[in-house]
Amino acid sequence: PAGAAPLPEEDCMKLNPSFVGIALSSLLAIDLWASKRLGVCAGEGSAWGSARPLMKVIEVSGHGIPWLLGTAYGLWHTDSAAAREVLLNLLFALLLDLVMVAAVKGLVKRPRPTHNKMDMFVTISVDKYSFPSGHATRAALVCRFVLRHLVLAVPLRVLVVLWALIVSVSRVMLGRHNMTDVLFGLLLGYALYGVVEHCWLSPATAPALFALW
């Protein structure tokens, strides 16, 4: 009726904010719980603690520094114009990956899982943050790049895909990341490859770069 007193605030229906908040909190809780359960190599005393050294070798295989150094070495020593073009774009892709991951980590600032041991191979300041997984981003990016630009036999192509998946899964097993960090990292790496293809560097589009080699 007209002039009636408004309902108390606690009686007002606020379905959308509460539903979204509850849903996000539930997903976060599931993510944290499942990630901790899957962190079977997070420490020597974990369920699969004996496999931790192997997981750390896999970790190094997906780290940015070996990829950057290897690509730079190949770029410096190749005499093939076609190989030089591919390697230069791979170097561009790896640098773009590092910048984007660092930017997102610095923006989101999600802490590492509590069960993670900070014994990672060569870290920088933003590596104290967890979202997204740089290893997963790099694995997806490199996987797409290699499959697109290198002529490989089918077994080798399968191995490249398996490597990308194993690197990604190892991040959760080592306790470095939560599952959502890895999933978003894979999506980001997949998308970054599209950027690299769109901005492909060639003697026609970037003559100054190719003049250096």
Side-chain angles (χ1 to χ4, degrees), residues 27-73 90 93-95 97-98 100-102 104-106 108-147 150 152 155-193:
L27 288 174
L28 178 61
I30 293 172
D31 180 35
L32 295 176
W33 173 82
S35 300
K36 189 169 184 178
R37 291 293 299 270
L38 292 172
V40 292
C41 301
E44 289 76 7
S46 302
W48 292 8
S50 59
R52 184 174 172 81
L54 174 60
M55 291 295 105
K56 293 189 72 174
V57 171
I58 295 172
E59 177 177 65
V60 174
S61 78
H63 197 279
I65 288 181
W67 278 100
L68 284 170
L69 292 178
T71 303
Y73 179 85
L90 178 57
L94 294 170
L95 292 173
D97 163 65
L98 287 176
M100 288 301 299
V101 169
V104 176
K105 282 186 174 183
V108 177
K109 295 183 179 179
R110 185 183 194 183
R112 294 272 181 180
T114 55
H115 55 286
N116 173 51
K117 293 178 62 177
M118 289 300 291
D119 59 349
M120 295 173 287
F121 174 74
V122 187
T123 59
I124 57 177
S125 59
V126 292
D127 283 334
K128 63 184 177 182
Y129 300 125
S130 180
F131 185 92
S133 165
H135 279 68
T137 305
R138 190 171 304 108
L141 175 61
V142 169
C143 180
R144 286 197 72 189
F145 192 100
V146 168
L147 293 181
L150 295 186
L152 300 175
L156 290 178
R157 295 175 71 86
V158 172
L159 284 177
V160 170
V161 175
L162 285 177
W163 168 80
L165 292 175
I166 291 171
V167 167
S168 301
V169 171
S170 72
R171 308 313 292 154
V172 180
M173 293 178 66
L174 278 168
R176 307 296 198 206
H177 292 279
N178 297 303
M179 292 192 303
T180 48
D181 304 331
V182 172
L183 292 175
F184 184 84
L186 289 170
L187 291 174
L188 180 59
Y190 191 91
L192 285 179
Y193 174 78

Worksheet entry | Side-chain heavy atoms of I65 within contact of V60, under 4.5 Å | no
Discussion item. Looking at every heavy atom in both R176 and D119, which two are closest together, and how far apart are they?
Written reply: NH1-OD1, 2.7 Å
Worksheet item: Please walk me through it: do I30 and M179 pass side-chain contact (heavy atoms from CB on, under 4.5 Å)?
Response: CA-CA 10 Å; I30 293 172; M179 292 192 303; 5.7 Å; no
Fill in: Parallel, tilted or perpendicular: ring planes of W163 versus W67, cut at 30 and 60 degrees
tilted
Worksheet item: With distance as the sole criterion, is a donor-acceptor pair present between the side chains of T180 and R110 under 3.5 Å?
Response: yes
Worksheet item: Hey, is NZ on K109 packed in by over 12 heavy atoms from elsewhere, all under 6.0 Å?
Response: no
Discussion item. Ignoring hydrogens, what is the shortest heavy-atom contact between L94 and V142? Give both atom names and the distance.
Written reply: CD2-CG2, 4.0 Å
Practice prompt. Give a yes or no on whether the backbone of C41 and the side-chain of S46 come within a donor-acceptor separation of less than 3.5 Å.
Written response: no
Worksheet item: Between D97 and L188, is a side-chain contact (heavy atoms from CB on, under 4.5 Å) present by the stated rule, with each step listed?
Response: CA-CA 9 Å; D97 163 65; L188 180 59; over 6 Å; no
Worksheet, complete the sentence: Output for pair (L38 CG, W48 CH2), nearest 0.5 Å, gives 9.5 Å
Worksheet, complete the sentence: dist M173:CE -> I58:CD1 (nearest 0.5 Å) comes out at 8.0 Å
Worksheet item: From R37 CZ over to L32 CG, what is the distance, rounded to the nearest 0.5 angstrom?
Response: 14.0 Å
Worksheet entry | Backbone of A136 reached by a side-chain donor or acceptor of R171 within 3.5 Å | no
Item to complete: For the residue pair L95 and L68, establish whether any side-chain heavy-atom pair is separated by less than 4.5 Å.
Response: yes
Item to complete: Mind checking ring-ring contact (aromatic ring centres under 6.0 Å, His included) for H135 and listing every partner two or more places apart, or none if nothing turns up?
Response: H63
Worksheet entry | Side chain to side chain, L147 and C143, heavy atoms closer than 4.5 Å | yes
Discussion item. For a 4.5 angstrom cut-off between non-hydrogen side-chain atoms, does V172 reach N178?
Written reply: no
Discussion item. When you measure from the centre of the six-membered ring of Y129, is the NZ or CZ of R112 closer than 6.0 Å and no more than 45° off the axis?
Written reply: no
Fill in: Contacts of F184 that satisfy ring-ring contact (aromatic ring centres under 6.0 Å, His included) - sequence neighbours left out
F131
Discussion item. For S133 and D181, which I'm curious about, is there any donor-acceptor pair between the side chains at under 3.5 Å?
Written reply: no
Response to the item:
When rounded to the nearest 0.5 Å, the distance separating CG of L186 from OG1 of T137 is 7.5 Å
Worksheet entry | Minimum heavy-atom distance K105-P132, with the two atoms named | CE-O, 3.0 Å
Discussion item. I'd like to know whether L187 forms a side-chain contact (heavy atoms from CB on, under 4.5 Å) with L183, so could you lay out the CA-CA distance, the side-chain angles of the two residues, the decisive distance to 0.1 Å, and finally the verdict.
Written reply: CA-CA 6 Å; L187 291 174; L183 292 175; 5.7 Å; no
Discussion item. Does any part of the side chain of V161, heavy atoms only, come nearer than 4.5 Å to the side chain of L165, both counted from C-beta?
Written reply: yes
Worksheet item: Taking C-beta and beyond as the side chain, do R138 and L98 meet within less than 4.5 Å on heavy atoms?
Response: yes
Item to complete: Determine whether L150 and R157 make a side-chain contact, defined as any pair of heavy atoms from C-beta on separated by less than 4.5 Å.
Response: no
Worksheet item: Can you name the closest pair of heavy atoms from G175 and P113 and give their distance?
Response: O-CG, 3.5 Å
Practice prompt. Can you sort out the partners of Y73 under ring-ring contact (aromatic ring centres under 6.0 Å, His included), two or more places apart, ordered by chain and number?
Written response: H77
Worksheet entry | Donor-acceptor contact below 3.5 Å, side chain H177 vs main chain S130 | yes
Worksheet item: Under the salt bridge (Lys or Arg N to Asp or Glu O under 4.0 Å) criterion, do R52 and E59 qualify, and how do the steps go?
Response: CA-CA 10 Å; R52 184 174 172 81; E59 177 177 65; over 6 Å; no
